[in-house]
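Owing to the predicted nature of the structure, the values given are computational and were not obtained by experimental measurement. Every chain is numbered from 1 and lettered A, B, ... according to where its sequence line falls, protein lines coming before strand lines.
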There are 2 protein chains.
Amino acid sequence: MNENIKVMIVDDHDMVRKGLTAYLSTESEIEIVGEASSGNEAVRVFETLKPEVILMDLIMEDGDGIDATKQILSKDPSKKIIILTSFYDDEQVFPALESGAMSYLLKTASSEEIIRAIQKAHYGKTVIDGKVAQKLVAGLHKHPEPFDRLTVREKEVLKLIAEGKNNSEIATTLFIGIKTVKTHVSSILSKLEVADRTQAAIYAYQNHLFNE
Amino acid sequence: MNENIKVMIVDDHDMVRKGLTAYLSTESEIEIVGEASSGNEAVRVFETLKPEVILMDLIMEDGDGIDATKQILSKDPSKKIIILTSFYDDEQVFPALESGAMSYLLKTASSEEIIRAIQKAHYGKTVIDGKVAQKLVAGLHKHPEPFDRLTVREKEVLKLIAEGKNNSEIATTLFIGIKTVKTHVSSILSKLEVADRTQAAIYAYQNHLFNE
DNA sequence: AAATAGCTCCGACTTGAGGCGGAGCTAAAA
DNA sequence: TTTTAGCTCCGCCTCAAGTCGGAGCTATTT
(Lines give C-alpha, C1' and ligand atoms only; values in the text may rest on other atoms or scores of the structure.)
Protein backbone atom coordinates (compact mmCIF):
# COMPACT_ATOMS: atom_id res chain seq x y z
CA MET A 1 0.00 0.00 0.00
CA ASN A 2 2.23 2.78 -1.23
CA GLU A 3 -0.49 5.22 -2.17
CA ASN A 4 -1.48 8.20 -0.10
CA ILE A 5 -4.08 7.76 2.59
CA LYS A 6 -6.90 10.19 1.94
CA VAL A 7 -8.03 11.87 5.14
CA MET A 8 -10.91 14.15 5.96
CA ILE A 9 -11.10 16.31 9.10
CA VAL A 10 -14.38 17.05 10.84
CA ASP A 11 -14.23 19.58 13.67
CA ASP A 12 -16.08 22.80 14.40
CA HIS A 13 -12.94 24.47 15.72
CA ASP A 14 -11.14 26.17 12.90
CA MET A 15 -7.89 26.21 14.84
CA VAL A 16 -8.07 22.48 15.52
CA ARG A 17 -8.42 21.80 11.80
CA LYS A 18 -5.48 24.10 11.19
CA GLY A 19 -3.44 22.35 13.84
CA LEU A 20 -4.30 18.91 12.53
CA THR A 21 -3.40 19.93 9.04
CA ALA A 22 -0.04 21.15 10.31
CA TYR A 23 0.37 17.83 12.12
CA LEU A 24 -0.39 15.66 9.16
CA SER A 25 1.33 17.67 6.47
CA THR A 26 4.66 16.41 7.76
CA GLU A 27 3.68 12.89 6.76
CA SER A 28 3.98 12.40 3.01
CA GLU A 29 1.88 9.26 3.19
CA ILE A 30 -1.16 11.22 4.28
CA GLU A 31 -3.20 13.51 2.08
CA ILE A 32 -5.91 15.75 3.43
CA VAL A 33 -8.71 15.79 0.89
CA GLY A 34 -11.07 18.06 2.78
CA GLU A 35 -12.56 19.42 5.95
CA ALA A 36 -15.98 19.88 7.48
CA SER A 37 -16.97 22.13 10.36
CA SER A 38 -19.99 20.14 11.49
CA GLY A 39 -21.42 16.64 11.49
CA ASN A 40 -24.13 17.47 8.99
CA GLU A 41 -21.66 19.12 6.65
CA ALA A 42 -19.49 16.00 6.86
CA VAL A 43 -22.41 13.82 5.84
CA ARG A 44 -23.12 16.10 2.89
CA VAL A 45 -19.61 16.30 1.49
CA PHE A 46 -17.86 13.02 2.25
CA GLU A 47 -19.10 11.32 -0.91
CA THR A 48 -17.58 14.07 -3.02
CA LEU A 49 -14.28 14.18 -1.17
CA LYS A 50 -13.92 10.39 -1.09
CA PRO A 51 -11.72 10.15 2.00
CA GLU A 52 -10.60 6.75 3.25
CA VAL A 53 -10.15 7.83 6.84
CA ILE A 54 -12.20 10.44 8.69
CA LEU A 55 -11.06 12.25 11.84
CA MET A 56 -14.27 13.09 13.67
CA ASP A 57 -14.91 15.37 16.63
CA LEU A 58 -17.87 14.46 18.84
CA ILE A 59 -19.46 17.63 20.16
CA MET A 60 -20.47 19.98 17.35
CA GLU A 61 -23.21 22.53 16.96
CA ASP A 62 -24.78 21.29 13.77
CA GLY A 63 -25.00 17.51 13.94
CA ASP A 64 -22.82 15.70 16.48
CA GLY A 65 -20.08 13.25 15.60
CA ILE A 66 -21.98 10.14 16.61
CA ASP A 67 -24.91 10.91 14.36
CA ALA A 68 -22.58 11.77 11.52
CA THR A 69 -20.63 8.53 12.01
CA LYS A 70 -23.80 6.46 11.86
CA GLN A 71 -25.05 8.20 8.74
CA ILE A 72 -21.75 7.99 6.91
CA LEU A 73 -21.27 4.31 7.71
CA SER A 74 -24.80 3.47 6.66
CA LYS A 75 -24.03 4.96 3.26
CA ASP A 76 -20.51 3.55 2.99
CA PRO A 77 -19.45 0.99 5.59
CA SER A 78 -15.91 0.89 4.19
CA LYS A 79 -15.04 4.30 5.67
CA LYS A 80 -12.69 4.19 8.63
CA ILE A 81 -13.76 6.77 11.21
CA ILE A 82 -11.50 7.88 14.05
CA ILE A 83 -13.14 9.71 16.93
CA LEU A 84 -10.92 12.57 18.05
CA THR A 85 -12.32 14.37 21.04
CA SER A 86 -11.47 16.13 24.28
CA PHE A 87 -13.40 13.94 26.67
CA TYR A 88 -13.63 10.42 27.83
CA ASP A 89 -16.88 10.07 29.71
CA ASP A 90 -18.65 6.76 29.81
CA GLU A 91 -21.56 8.65 28.28
CA GLN A 92 -19.44 9.49 25.25
CA VAL A 93 -17.23 6.46 24.71
CA PHE A 94 -19.89 3.76 24.56
CA PRO A 95 -22.24 5.35 22.04
CA ALA A 96 -19.28 6.44 19.96
CA LEU A 97 -17.91 2.94 19.57
CA GLU A 98 -21.40 1.52 19.14
CA SER A 99 -21.90 3.91 16.26
CA GLY A 100 -19.23 2.00 14.36
CA ALA A 101 -16.18 4.20 14.82
CA MET A 102 -12.91 2.36 14.38
CA SER A 103 -10.73 4.22 16.86
CA TYR A 104 -11.04 6.64 19.75
CA LEU A 105 -8.32 9.20 20.43
CA LEU A 106 -8.04 12.21 22.71
CA LYS A 107 -7.07 15.64 21.52
CA THR A 108 -4.14 15.55 23.90
CA ALA A 109 -2.62 12.98 21.53
CA SER A 110 0.70 13.75 19.85
CA SER A 111 1.09 14.00 16.11
CA GLU A 112 2.82 10.60 16.02
CA GLU A 113 -0.09 8.93 17.77
CA ILE A 114 -2.57 10.41 15.37
CA ILE A 115 -0.54 9.50 12.32
CA ARG A 116 -0.13 5.95 13.56
CA ALA A 117 -3.85 5.70 14.26
CA ILE A 118 -4.62 6.87 10.72
CA GLN A 119 -2.27 4.28 9.25
CA LYS A 120 -3.73 1.51 11.40
CA ALA A 121 -7.27 2.58 10.64
CA HIS A 122 -6.41 2.32 6.98
CA TYR A 123 -5.53 -1.33 7.55
CA GLY A 124 -8.65 -1.85 9.61
CA LYS A 125 -6.99 -1.86 12.99
CA THR A 126 -8.44 -0.17 16.06
CA VAL A 127 -6.59 2.23 18.32
CA ILE A 128 -8.04 3.23 21.68
CA ASP A 129 -6.44 5.83 23.89
CA GLY A 130 -5.19 4.41 27.19
CA LYS A 131 -7.38 6.57 29.39
CA VAL A 132 -10.41 5.78 27.28
CA ALA A 133 -9.65 2.07 27.49
CA GLN A 134 -9.53 2.34 31.27
CA LYS A 135 -12.96 3.92 31.34
CA LEU A 136 -14.16 1.23 29.02
CA VAL A 137 -13.18 -1.69 31.21
CA ALA A 138 -14.34 0.20 34.30
CA GLY A 139 -17.68 0.63 32.59
CA LEU A 140 -17.93 -3.08 31.87
CA HIS A 141 -17.18 -3.94 35.47
CA LYS A 142 -19.95 -1.67 36.59
CA HIS A 143 -22.90 -3.04 38.53
CA PRO A 144 -25.68 -4.35 36.30
CA GLU A 145 -27.68 -1.15 36.66
CA PRO A 146 -30.52 -1.64 39.15
CA PHE A 147 -32.33 1.03 37.18
CA ASP A 148 -32.80 -1.37 34.30
CA ARG A 149 -34.73 -3.67 36.59
CA LEU A 150 -37.49 -1.09 36.85
CA THR A 151 -40.56 -1.63 34.70
CA VAL A 152 -41.63 1.00 32.19
CA ARG A 153 -44.29 2.30 34.53
CA GLU A 154 -41.90 2.45 37.43
CA LYS A 155 -39.44 4.47 35.38
CA GLU A 156 -42.23 6.93 34.60
CA VAL A 157 -43.00 7.25 38.30
CA LEU A 158 -39.32 7.66 39.17
CA LYS A 159 -39.04 10.44 36.62
CA LEU A 160 -41.92 12.27 38.27
CA ILE A 161 -40.38 11.73 41.70
CA ALA A 162 -37.19 13.28 40.36
CA GLU A 163 -39.28 16.25 39.27
CA GLY A 164 -40.34 16.77 42.85
CA LYS A 165 -43.95 15.62 42.48
CA ASN A 166 -45.74 14.06 45.43
CA ASN A 167 -47.87 10.95 45.19
CA SER A 168 -51.17 12.65 44.45
CA GLU A 169 -49.61 14.78 41.72
CA ILE A 170 -48.10 11.68 40.18
CA ALA A 171 -51.50 10.00 40.35
CA THR A 172 -53.26 12.76 38.43
CA THR A 173 -50.38 13.02 35.96
CA LEU A 174 -50.54 9.32 35.11
CA PHE A 175 -54.34 9.06 35.46
CA ILE A 176 -54.08 6.36 38.14
CA GLY A 177 -54.98 6.11 41.81
CA ILE A 178 -52.80 7.22 44.68
CA LYS A 179 -52.71 3.70 46.01
CA THR A 180 -51.27 2.52 42.73
CA VAL A 181 -48.63 5.21 42.88
CA LYS A 182 -47.68 4.04 46.35
CA THR A 183 -47.32 0.51 45.07
CA HIS A 184 -44.99 1.66 42.33
CA VAL A 185 -43.00 3.84 44.69
CA SER A 186 -42.51 0.98 47.14
CA SER A 187 -41.35 -1.23 44.31
CA ILE A 188 -38.95 1.42 43.05
CA LEU A 189 -37.44 1.98 46.49
CA SER A 190 -36.78 -1.71 47.03
CA LYS A 191 -35.34 -2.24 43.56
CA LEU A 192 -33.02 0.77 43.85
CA GLU A 193 -32.24 -0.21 47.44
CA VAL A 194 -32.92 3.26 48.78
CA ALA A 195 -34.91 4.30 51.83
CA ASP A 196 -37.26 6.99 50.56
CA ARG A 197 -38.32 9.09 47.59
CA THR A 198 -35.68 11.72 48.29
CA GLN A 199 -32.92 9.15 47.95
CA ALA A 200 -34.63 7.88 44.80
CA ALA A 201 -34.54 11.38 43.32
CA ILE A 202 -30.88 11.69 44.27
CA TYR A 203 -30.20 8.34 42.63
CA ALA A 204 -31.82 9.60 39.46
CA TYR A 205 -29.68 12.72 39.41
CA GLN A 206 -26.41 11.02 40.28
CA ASN A 207 -26.93 8.51 37.48
CA HIS A 208 -28.10 11.17 35.03
CA LEU A 209 -31.21 9.14 34.30
CA PHE A 210 -33.39 11.89 32.91
CA ASN A 211 -30.86 14.27 31.34
CA GLU A 212 -28.94 16.63 33.64
CA MET B 1 2.36 51.02 19.56
CA ASN B 2 4.43 49.57 16.77
CA GLU B 3 6.17 46.85 18.72
CA ASN B 4 5.25 43.20 18.61
CA ILE B 5 2.67 41.91 21.03
CA LYS B 6 4.17 39.05 23.00
CA VAL B 7 1.69 36.20 23.31
CA MET B 8 1.74 32.96 25.27
CA ILE B 9 -0.53 30.00 24.54
CA VAL B 10 -1.84 27.74 27.31
CA ASP B 11 -3.72 24.63 26.15
CA ASP B 12 -3.30 20.94 26.84
CA HIS B 13 -4.12 20.04 23.24
CA ASP B 14 -0.95 19.99 21.21
CA MET B 15 -2.90 20.40 17.99
CA VAL B 16 -4.74 23.45 19.27
CA ARG B 17 -1.45 25.10 20.11
CA LYS B 18 -0.22 24.20 16.63
CA GLY B 19 -3.38 25.58 15.07
CA LEU B 20 -3.22 28.79 17.04
CA THR B 21 0.39 29.24 16.13
CA ALA B 22 -0.54 28.84 12.48
CA TYR B 23 -3.33 31.37 13.02
CA LEU B 24 -1.19 33.99 14.60
CA SER B 25 1.94 33.59 12.54
CA THR B 26 0.18 35.39 9.67
CA GLU B 27 0.06 38.52 11.77
CA SER B 28 3.43 40.22 11.92
CA GLU B 29 2.35 42.31 14.87
CA ILE B 30 2.05 39.24 17.09
CA GLU B 31 4.95 37.25 18.44
CA ILE B 32 4.48 33.95 20.20
CA VAL B 33 6.99 33.81 23.01
CA GLY B 34 6.03 30.43 24.42
CA GLU B 35 3.49 27.73 25.17
CA ALA B 36 2.30 25.74 28.17
CA SER B 37 0.33 22.51 28.18
CA SER B 38 -1.26 22.99 31.60
CA GLY B 39 -2.32 25.66 34.03
CA ASN B 40 0.41 24.83 36.52
CA GLU B 41 3.06 24.88 33.83
CA ALA B 42 1.79 28.28 32.74
CA VAL B 43 2.15 29.64 36.27
CA ARG B 44 5.70 28.27 36.43
CA VAL B 45 6.98 29.65 33.14
CA PHE B 46 5.15 32.92 32.46
CA GLU B 47 7.64 35.02 34.40
CA THR B 48 10.46 33.70 32.25
CA LEU B 49 8.63 34.09 28.96
CA LYS B 50 7.33 37.57 29.80
CA PRO B 51 4.26 37.52 27.55
CA GLU B 52 1.97 40.53 27.47
CA VAL B 53 -1.13 38.59 26.46
CA ILE B 54 -1.96 35.02 27.47
CA LEU B 55 -4.42 32.80 25.61
CA MET B 56 -5.77 30.44 28.25
CA ASP B 57 -7.82 27.26 27.93
CA LEU B 58 -10.11 26.45 30.86
CA ILE B 59 -10.29 22.69 31.28
CA MET B 60 -6.86 21.13 31.68
CA GLU B 61 -5.58 18.11 33.51
CA ASP B 62 -2.89 19.70 35.62
CA GLY B 63 -4.24 22.97 36.99
CA ASP B 64 -7.28 24.50 35.31
CA GLY B 65 -7.32 27.83 33.55
CA ILE B 66 -9.22 29.69 36.26
CA ASP B 67 -6.74 28.77 38.95
CA ALA B 68 -3.86 29.64 36.66
CA THR B 69 -5.43 32.98 35.81
CA LYS B 70 -5.83 33.88 39.48
CA GLN B 71 -2.28 32.89 40.32
CA ILE B 72 -0.73 34.69 37.39
CA LEU B 73 -2.67 37.90 38.03
CA SER B 74 -1.81 37.84 41.72
CA LYS B 75 1.86 37.82 40.76
CA ASP B 76 1.55 40.29 37.90
CA PRO B 77 -1.76 42.13 37.50
CA SER B 78 -0.60 43.76 34.29
CA LYS B 79 -0.95 40.54 32.28
CA LYS B 80 -3.87 40.45 29.87
CA ILE B 81 -5.46 37.01 29.90
CA ILE B 82 -7.88 35.86 27.23
CA ILE B 83 -9.97 32.80 28.01
CA LEU B 84 -10.22 30.62 24.91
CA THR B 85 -12.41 27.61 25.49
CA SER B 86 -14.97 25.33 23.89
CA PHE B 87 -17.85 25.89 26.25
CA TYR B 88 -20.03 28.64 27.50
CA ASP B 89 -21.83 27.35 30.57
CA ASP B 90 -22.88 29.74 33.27
CA GLU B 91 -20.71 27.65 35.56
CA GLN B 92 -17.67 28.44 33.44
CA VAL B 93 -18.18 32.03 32.35
CA PHE B 94 -18.78 33.65 35.72
CA PRO B 95 -15.81 32.22 37.62
CA ALA B 96 -13.62 32.83 34.61
CA LEU B 97 -14.42 36.53 34.44
CA GLU B 98 -14.33 36.82 38.23
CA SER B 99 -10.83 35.41 38.15
CA GLY B 100 -9.74 38.56 36.36
CA ALA B 101 -9.59 37.42 32.75
CA MET B 102 -9.87 40.24 30.26
CA SER B 103 -11.73 38.49 27.44
CA TYR B 104 -13.69 35.34 26.79
CA LEU B 105 -13.62 33.70 23.35
CA LEU B 106 -14.84 30.40 22.00
CA LYS B 107 -12.67 28.00 20.08
CA THR B 108 -15.03 28.29 17.16
CA ALA B 109 -13.68 31.81 16.70
CA SER B 110 -11.96 32.70 13.45
CA SER B 111 -8.35 33.77 13.25
CA GLU B 112 -9.42 37.38 12.66
CA GLU B 113 -11.50 37.40 15.81
CA ILE B 114 -8.66 36.05 17.89
CA ILE B 115 -6.13 38.46 16.46
CA ARG B 116 -8.46 41.37 17.09
CA ALA B 117 -9.06 40.19 20.65
CA ILE B 118 -5.31 40.00 21.26
CA GLN B 119 -4.83 43.51 19.95
CA LYS B 120 -7.68 44.86 22.05
CA ALA B 121 -6.48 43.01 25.13
CA HIS B 122 -3.14 44.66 24.65
CA TYR B 123 -4.84 48.03 24.91
CA GLY B 124 -6.86 46.83 27.91
CA LYS B 125 -10.12 46.34 26.08
CA THR B 126 -12.46 43.40 26.72
CA VAL B 127 -13.91 41.14 24.04
CA ILE B 128 -16.70 38.74 24.88
CA ASP B 129 -18.04 36.24 22.36
CA GLY B 130 -21.64 36.89 21.41
CA LYS B 131 -22.96 33.56 22.66
CA VAL B 132 -21.10 33.98 25.91
CA ALA B 133 -22.48 37.48 26.32
CA GLN B 134 -25.99 36.12 25.89
CA LYS B 135 -25.42 33.61 28.65
CA LEU B 136 -23.99 36.37 30.74
CA VAL B 137 -26.97 38.67 30.57
CA ALA B 138 -29.29 35.70 30.99
CA GLY B 139 -27.33 34.85 34.12
CA LEU B 140 -27.67 38.36 35.47
CA HIS B 141 -31.38 38.35 34.92
CA LYS B 142 -31.57 35.16 36.90
CA HIS B 143 -33.20 35.15 40.34
CA PRO B 144 -30.84 36.56 42.96
CA GLU B 145 -29.91 33.09 44.15
CA PRO B 146 -32.23 32.12 46.99
CA PHE B 147 -29.49 29.72 48.04
CA ASP B 148 -27.35 32.60 49.20
CA ARG B 149 -30.08 33.61 51.63
CA LEU B 150 -29.51 30.40 53.58
CA THR B 151 -27.44 30.67 56.75
CA VAL B 152 -24.25 28.63 57.14
CA ARG B 153 -26.03 26.08 59.27
CA GLU B 154 -28.90 25.79 56.82
CA LYS B 155 -26.48 25.14 53.99
CA GLU B 156 -24.96 22.32 56.02
CA VAL B 157 -28.40 20.84 56.58
CA LEU B 158 -29.30 21.18 52.90
CA LYS B 159 -26.12 19.39 51.96
CA LEU B 160 -27.07 16.48 54.20
CA ILE B 161 -30.58 16.45 52.76
CA ALA B 162 -29.02 16.23 49.31
CA GLU B 163 -27.07 13.23 50.55
CA GLY B 164 -30.32 11.47 51.34
CA LYS B 165 -30.12 11.70 55.11
CA ASN B 166 -33.30 11.88 57.18
CA ASN B 167 -33.80 14.26 60.08
CA SER B 168 -32.49 11.99 62.83
CA GLU B 169 -29.36 11.18 60.82
CA ILE B 170 -28.80 14.87 60.25
CA ALA B 171 -29.27 15.48 63.97
CA THR B 172 -26.59 12.97 64.99
CA THR B 173 -24.27 14.17 62.23
CA LEU B 174 -24.44 17.77 63.39
CA PHE B 175 -24.69 16.91 67.12
CA ILE B 176 -27.98 18.77 67.48
CA GLY B 177 -31.55 17.77 68.31
CA ILE B 178 -34.13 16.55 65.83
CA LYS B 179 -36.35 19.48 66.64
CA THR B 180 -33.56 21.82 65.67
CA VAL B 181 -33.10 20.00 62.43
CA LYS B 182 -36.80 20.39 61.72
CA THR B 183 -36.53 24.11 62.37
CA HIS B 184 -33.68 24.38 59.90
CA VAL B 185 -35.48 22.27 57.32
CA SER B 186 -38.62 24.39 57.54
CA SER B 187 -36.54 27.51 57.11
CA ILE B 188 -34.73 26.01 54.11
CA LEU B 189 -37.97 24.97 52.43
CA SER B 190 -39.51 28.43 52.77
CA LYS B 191 -36.37 30.21 51.61
CA LEU B 192 -35.95 27.98 48.58
CA GLU B 193 -39.70 28.11 47.99
CA VAL B 194 -40.03 24.35 47.68
CA ALA B 195 -42.57 22.04 49.24
CA ASP B 196 -40.54 19.26 50.79
CA ARG B 197 -37.03 17.84 51.31
CA THR B 198 -37.15 15.93 48.03
CA GLN B 199 -37.63 19.14 46.09
CA ALA B 200 -34.87 20.70 48.16
CA ALA B 201 -32.50 17.89 47.18
CA ILE B 202 -33.51 18.33 43.54
CA TYR B 203 -32.87 22.06 43.84
CA ALA B 204 -29.39 21.31 45.15
CA TYR B 205 -28.61 19.02 42.24
CA GLN B 206 -30.06 21.24 39.56
CA ASN B 207 -28.03 24.17 40.80
CA HIS B 208 -24.90 22.08 41.28
CA LEU B 209 -24.60 23.33 44.83
CA PHE B 210 -22.38 20.59 46.19
CA ASN B 211 -20.37 19.47 43.16
CA GLU B 212 -22.02 17.06 40.70
C1' DA C 1 -29.06 49.86 76.10
C1' DA C 2 -31.87 47.96 72.72
C1' DA C 3 -32.67 45.58 68.54
C1' DT C 4 -31.56 42.09 65.31
C1' DA C 5 -30.02 37.63 63.48
C1' DG C 6 -28.61 33.02 64.04
C1' DC C 7 -28.60 28.57 66.50
C1' DT C 8 -30.67 25.94 69.66
C1' DC C 9 -34.80 23.47 71.65
C1' DC C 10 -39.76 22.36 73.06
C1' DG C 11 -44.83 20.62 72.61
C1' DA C 12 -48.74 19.77 69.89
C1' DC C 13 -50.71 18.97 65.74
C1' DT C 14 -51.77 17.35 60.74
C1' DT C 15 -50.67 14.74 56.98
C1' DG C 16 -48.07 12.45 53.53
C1' DA C 17 -45.03 8.57 53.01
C1' DG C 18 -44.21 3.99 53.03
C1' DG C 19 -44.88 -1.03 54.55
C1' DC C 20 -47.80 -5.17 54.64
C1' DG C 21 -51.10 -8.14 52.88
C1' DG C 22 -54.46 -9.03 49.65
C1' DA C 23 -56.72 -8.93 45.10
C1' DG C 24 -58.36 -8.64 40.06
C1' DC C 25 -57.04 -8.03 35.38
C1' DT C 26 -54.34 -8.78 30.97
C1' DA C 27 -50.76 -10.37 28.06
C1' DA C 28 -46.88 -13.03 27.30
C1' DA C 29 -44.17 -17.11 28.32
C1' DA C 30 -43.52 -21.95 29.60
C1' DT D 1 -53.23 -24.68 29.91
C1' DT D 2 -50.82 -23.00 33.57
C1' DT D 3 -47.66 -19.74 35.17
C1' DT D 4 -45.56 -15.49 35.49
C1' DA D 5 -45.00 -10.51 35.23
C1' DG D 6 -46.86 -6.04 35.05
C1' DC D 7 -50.46 -2.58 36.18
C1' DT D 8 -54.14 -1.56 38.77
C1' DC D 9 -56.58 -0.87 43.35
C1' DC D 10 -58.07 -1.54 48.45
C1' DG D 11 -57.63 -1.15 53.75
C1' DC D 12 -54.90 -0.79 57.71
C1' DC D 13 -51.18 0.63 60.07
C1' DT D 14 -46.95 3.28 61.77
C1' DC D 15 -43.97 6.98 61.71
C1' DA D 16 -41.24 10.54 59.70
C1' DA D 17 -42.01 14.98 57.91
C1' DG D 18 -43.40 19.42 58.27
C1' DT D 19 -46.16 23.48 60.44
C1' DC D 20 -47.18 26.64 64.16
C1' DG D 21 -46.08 29.17 68.05
C1' DG D 22 -43.08 29.94 71.62
C1' DA D 23 -38.56 30.48 73.94
C1' DG D 24 -33.62 31.03 75.62
C1' DC D 25 -28.96 32.04 74.34
C1' DT D 26 -25.07 34.55 72.02
C1' DA D 27 -22.89 37.85 69.16
C1' DT D 28 -23.24 41.67 66.40
C1' DT D 29 -25.24 45.93 65.15
C1' DT D 30 -27.51 50.23 66.01
Side-chain angles (χ1 to χ4, degrees), chain A residues 143-212, chain B residues 143-212:
Chain A
H143 43 88
E145 299 295 355
F147 172 70
D148 295 328
R149 295 183 46 226
L150 298 186
T151 67
V152 191
R153 202 53 159 172
E154 286 162 357
K155 287 176 185 173
E156 290 176 33
V157 174
L158 177 57
K159 183 172 161 60
L160 296 174
I161 289 176
E163 289 173 7
K165 289 191 161 65
N166 63 27
N167 288 339
S168 73
E169 287 170 336
I170 294 176
T172 56
T173 303
L174 298 181
F175 303 107
I176 58 180
I178 304 177
K179 305 295 177 60
T180 310
V181 176
K182 285 192 174 189
T183 308
H184 290 315
V185 171
S186 289
S187 174
I188 291 169
L189 298 185
S190 73
K191 284 183 182 176
L192 297 186
E193 293 179 323
V194 295
D196 51 44
R197 69 200 296 110
T198 302
Q199 290 184 5
I202 293 170
Y203 177 95
Y205 272 89
Q206 287 183 338
N207 294 81
H208 311 101
L209 297 185
F210 311 110
N211 66 347
E212 174 153 20
Chain B
H143 42 90
E145 298 296 355
F147 172 70
D148 296 328
R149 295 184 45 227
L150 298 187
T151 68
V152 188
R153 202 53 159 174
E154 287 163 358
K155 287 177 185 173
E156 290 177 32
V157 173
L158 177 58
K159 182 172 163 60
L160 295 174
I161 290 176
E163 289 174 7
K165 289 192 161 64
N166 63 28
N167 286 340
S168 72
E169 287 169 336
I170 294 175
T172 57
T173 302
L174 298 181
F175 304 107
I176 57 178
I178 304 178
K179 305 296 178 58
T180 311
V181 176
K182 285 194 176 189
T183 306
H184 290 315
V185 172
S186 289
S187 174
I188 292 169
L189 298 185
S190 75
K191 284 184 181 175
L192 297 186
E193 291 179 327
V194 296
D196 51 44
R197 66 198 301 108
T198 302
Q199 290 184 5
I202 292 170
Y203 177 94
Y205 272 89
Q206 287 182 339
N207 293 81
H208 312 101
L209 297 186
F210 311 109
N211 65 345
E212 176 157 17

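What you find for Ile202(B) and Ile161(A) is that their closest heavy atoms are CD1-O, 3.7 Å. When all heavy atoms of Ala162(B) and Ala201(B) are compared, the pair lying nearest together is CA-CB, 4.1 Å. Summarising the geometry of Lys155(A) relative to Leu150(A), their closest heavy-atom pair is CE-O, 3.6 Å, with the distance given to 0.1 Å. The shortest heavy-atom contact between Leu209(A) and Leu158(A) is CD1-CD2, 4.0 Å. Of all non-hydrogen atoms in Leu189(B) and Ala200(B), the two that sit nearest each other are CD2-CB, 4.0 Å.
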Identify the pairs formed between an N or O of the protein and an N or O of nucleotides 17-20 of chain C at a distance under 3.5 Å, and give each distance.
from, atom 1, to, atom 2, distance (Å)
dA17(C), OP1, Asn167(A), N, 3.3
dA17(C), OP2, Asn167(A), ND2, 3.2
dA17(C), N7, Lys182(A), NZ, 3.2
dG18(C), OP1, Arg197(A), N, 2.6
dG18(C), OP2, Arg197(A), NH1, 2.7
dG18(C), N7, Lys182(A), NZ, 3.0
dG18(C), O6, Lys182(A), NZ, 2.8
dG19(C), OP2, Ser186(A), OG, 2.6

Pairwise N/O distances under 3.5 Å, protein to nucleotides 5-7 of chain C:
from, atom 1, to, atom 2, distance (Å)
dC7(C), OP1, Arg153(B), N, 3.1
dC7(C), OP2, Thr151(B), OG1, 2.4

Got a list of protein N/O to nucleotides 28-30 of chain C N/O distances below 3.5 Å?
none

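The side-chain contact (heavy atoms from CB on, under 4.5 Å) test with Ile188(B) is passed by exactly one of Val194(B), Thr151(B), Val157(B): Val157(B).
The OG atom of Ser187(B) lies 8.5 Å from the CZ atom of Arg149(B); values are rounded to the nearest 0.5 Å. Here the CD1 atom belonging to Ile178(A) is positioned 11.5 Å from the OG1 atom belonging to Thr183(A), to the nearest 0.5 angstrom. To the nearest 0.5 Å, the span separating CD on Gln199(A) from NZ on Lys165(B) amounts to 9.5 Å.
In this structure a side-chain-to-backbone donor-acceptor pair under 3.5 Å is present from Ser186(B) to Lys182(B). At distances below 3.5 Å, at least one donor-acceptor pair connects side-chain atoms of Asn166(A) with backbone N or O atoms of Ser168(A).
Sorted by first and then second residue, the pairs that involve residues 190-206 of chain B and meet salt bridge (Lys or Arg N to Asp or Glu O under 4.0 Å), not counting sequence neighbours, are Glu154(B)-Lys191(B).
Summarising the geometry, the separation between NZ on Lys179(A) and C1' on dC12(D) is reported as 9 Å, rounded to the nearest angstrom. What separates CD of Gln199(B) from P of dA17(D) is a distance of 16 Å, to the nearest Å. Between Leu174(B) atom CG and dC9(C) atom C1' there is a gap of 15 Å when expressed in whole angstrom units.
Side-chain contact between Leu174(A) and Val181(A) is absent, with no heavy-atom pair separated by less than 4.5 Å.
Each end of the helix from dA1(C)-dT30(D) to dA30(C)-dT1(D) yields a helix axis from five base pairs, and these two axes differ in direction by 40° (to the nearest 10 degrees).
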When you check every protein heavy atom under 4.0 Å of nucleotides 22-30 of chain D, what one-letter string (B, S, -) results, 5' to 3'?
---------
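Electrostatic pairing of Glu156(B) and Lys159(B) does not count as a salt bridge here, judged by no charged N lying under 4.0 Å from a carboxylate O.
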Determine, step by step, whether Arg153(A) and Ile176(A) satisfy the side chain to side chain contact (heavy atoms under 4.5 Å, CB included) criterion, reporting the C-alpha distance in whole Å, the side-chain angles of both residues, the deciding distance to 0.1 Å, and the verdict.
CA-CA 11 Å; Arg153(A) 202 53 159 172; Ile176(A) 58 180; 3.4 Å; yes
